[in-house]
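Here is the structure we will look at.
Throughout, a chain's letter reflects where its sequence line sits, starting with A, and its residues are numbered from 1. Computed from a predicted model, the values in this text were never measured in an experiment.
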There are 2 protein chains.
Amino acid sequence: MLEPMARKTGSHAEQTGPRVRTAALQLFSKFGYAAVSMRQIAKEVGVQAGALYTYTPDKQALLFDLMRAHMLDLLDAYGRVARKNASPHQRLEDFVRFHIHYHIDRADEVFISYMELRNLTQDHFEAIEAFRRRYEAALEDILRAGQESGVFRVSDVRVTSMAIIAMLTGVNTWFRDEGRLSREALADIYWDMVARMISGVEVPA
Amino acid sequence: MLEPMARKTGSHAEQTGPRVRTAALQLFSKFGYAAVSMRQIAKEVGVQAGALYTYTPDKQALLFDLMRAHMLDLLDAYGRVARKNASPHQRLEDFVRFHIHYHIDRADEVFISYMELRNLTQDHFEAIEAFRRRYEAALEDILRAGQESGVFRVSDVRVTSMAIIAMLTGVNTWFRDEGRLSREALADIYWDMVARMISGVEVPA
DNA sequence: GTCTATAATGGGATAGAC
DNA sequence: GTCTATCCCATTATAGAC
């Protein structure tokens, strides 16, 4: 160690890269991509604005990387949870519980991935949308399997899958860990609602 | 009419005010509040940027007015549809169909009212949130009435109302009039799902 | 009511020293 | 890898002429 230890400047490559991403994630989520300046991100990280360009070619790439990483993580995490050979009922319950827990823990990433789509360039937008469709398709597969085996009664697989994802993701707008409900109680309630929604039991008019 | 008719400048007070609001609405919805400049709005209206300040004290007030007008319209429109003395089942069906139709027709307003909350000042934010809570409370009242009279079986009124609103509003992200489903077919599907979700019928595990 | 011009500030991104 | 300094351009909002 020939360099002074208390220096304010110097090389911190392995630390600074992730810190830039974390700062951008939090700031974009809180104020919106367009409202956040590179100078703000730099200040949060503790470097000068020019130094950010060591880690990203530009602001747009920073946004895309965050959204892409989120979608890849989501697909990967679900892939490790999904049990393709289980019953449709079990697979759906797994999906519901996975979605709620995964999304609650990643409020910033989820928020950005829904809110900042319009700030992506065309190519980037299409890439993110493709990832999202893969996730939606996973749910549609489960609904179709249940429908075909007669355990679910779903009037429209596509609409039902969009309804389920919207209602589950909506949890992020109001749920707080300090609130009245535990995560487990929350997931139980949502699973009960989803199970009824797709049940084969006839409902009296 | 003493003034020339083809003039580029002059007074158009009654026309320009609404045009400013319409342009702001569309641009904020498409690109986001922070990403839209007063110059862009002015260009869309066909005036110079300075002229906008005849109609709004600043950009923030323009956003707030749009969101406030949307919430007031929503509460007013629902108030005219709601039948307080009908059965909970009927009132819920009315709510579901009203929400879907009303929101599909106002995609820009709905988008802004959900996306731009963070760009409001504290006072403005609280005002909008109060309107939103009134709308949510209307749905909660219906669910509570059905629960108490035994026709609904709802495990948590608050969670169920948030789930229903999220799933209904989610329609706006994907529904297109040129698509596979008519609005009526869409509303039928959603009402079917909601009716099952809150039904008193036991679902087999 | 709208224009032109401008004040005051801040934006993204780059160059070159260290 | 980070800094300082800077380019160039856009921003919101206002002043004063018409």
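When rounded to the nearest whole Å, the span between OH of A/Y53 and P of C/dA15 equals 13 Å. As a whole-Å value, the separation of B/K43 NZ from C/dC3 P is 14 Å. When rounded to the nearest whole Å, the span between CG of A/D58 and P of C/dT14 equals 8 Å. Distance CZ (B/R19) to P (C/dG1): 15 Å, rounded to an integer number of Å.
A cation-pi arrangement is absent between A/R91 and A/F95 under the rule of less than 6.0 angstrom and at most 45 degrees off the ring axis. B/R132 forms a cation-pi arrangement with B/Y114, by the criterion of a distance under 6.0 Å to the ring centre and an angle within 45° of the ring axis. By the 6.0 Å and 45° rule, B/R133 does not stack over the aromatic ring of B/F131.
Partners of B/A138 by side chain to side chain contact (heavy atoms under 4.5 Å, CB included), not counting sequence neighbours, listed by chain and number: B/Y78. When the salt bridge (Lys or Arg N to Asp or Glu O under 4.0 Å) test is applied to B/E136, the partners found at least two apart in sequence or on another chain are B/R158. Taking A/H103 as the reference, A/H99 meet the ring-ring contact (aromatic ring centres under 6.0 Å, His included) condition, with sequence neighbours excluded. Residues passing the side chain to side chain contact (heavy atoms under 4.5 Å, CB included) test with A/V151 are A/P88, A/S149, sequence neighbours excluded.
Here D/dT4 is the nucleotide among D/dT14, C/dG12, D/dT4 with the atom lying nearest to any side-chain atom of A/Q48. When the nucleotides C/dC3, C/dG1, D/dC3 are ranked by their closest atom to the side chain of A/A51, D/dC3 comes out on top.
Contact annotation: B/Y55 side-chain N/O to C/dG1 OP1/OP2 distance is not under 4.0 Å. When the side-chain nitrogen and oxygen atoms of A/T16 are compared with OP1 and OP2 of D/dT2, one or more of them lie within a distance under 4.0 Å.
Between A/W191 and A/H89, the ring-plane angle classifies as perpendicular under the 30° and 60° cut-offs.
Of the residues in residues 118-126 of chain A, none lies under 4.0 Å from DNA chain D by heavy-atom distance.
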Check nucleotides 6-11 of chain D for protein N or O atoms closer than 3.5 Å to its own N or O atoms and list the pairs.
from   : atom 1 : to    : atom 2 : distance (Å)
D/dT11 : OP1    : B/S37 : OG     : 3.2

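When all heavy atoms of B/K30 and A/R118 are compared, the closest pair comes out as O-CD, 3.5 Å.
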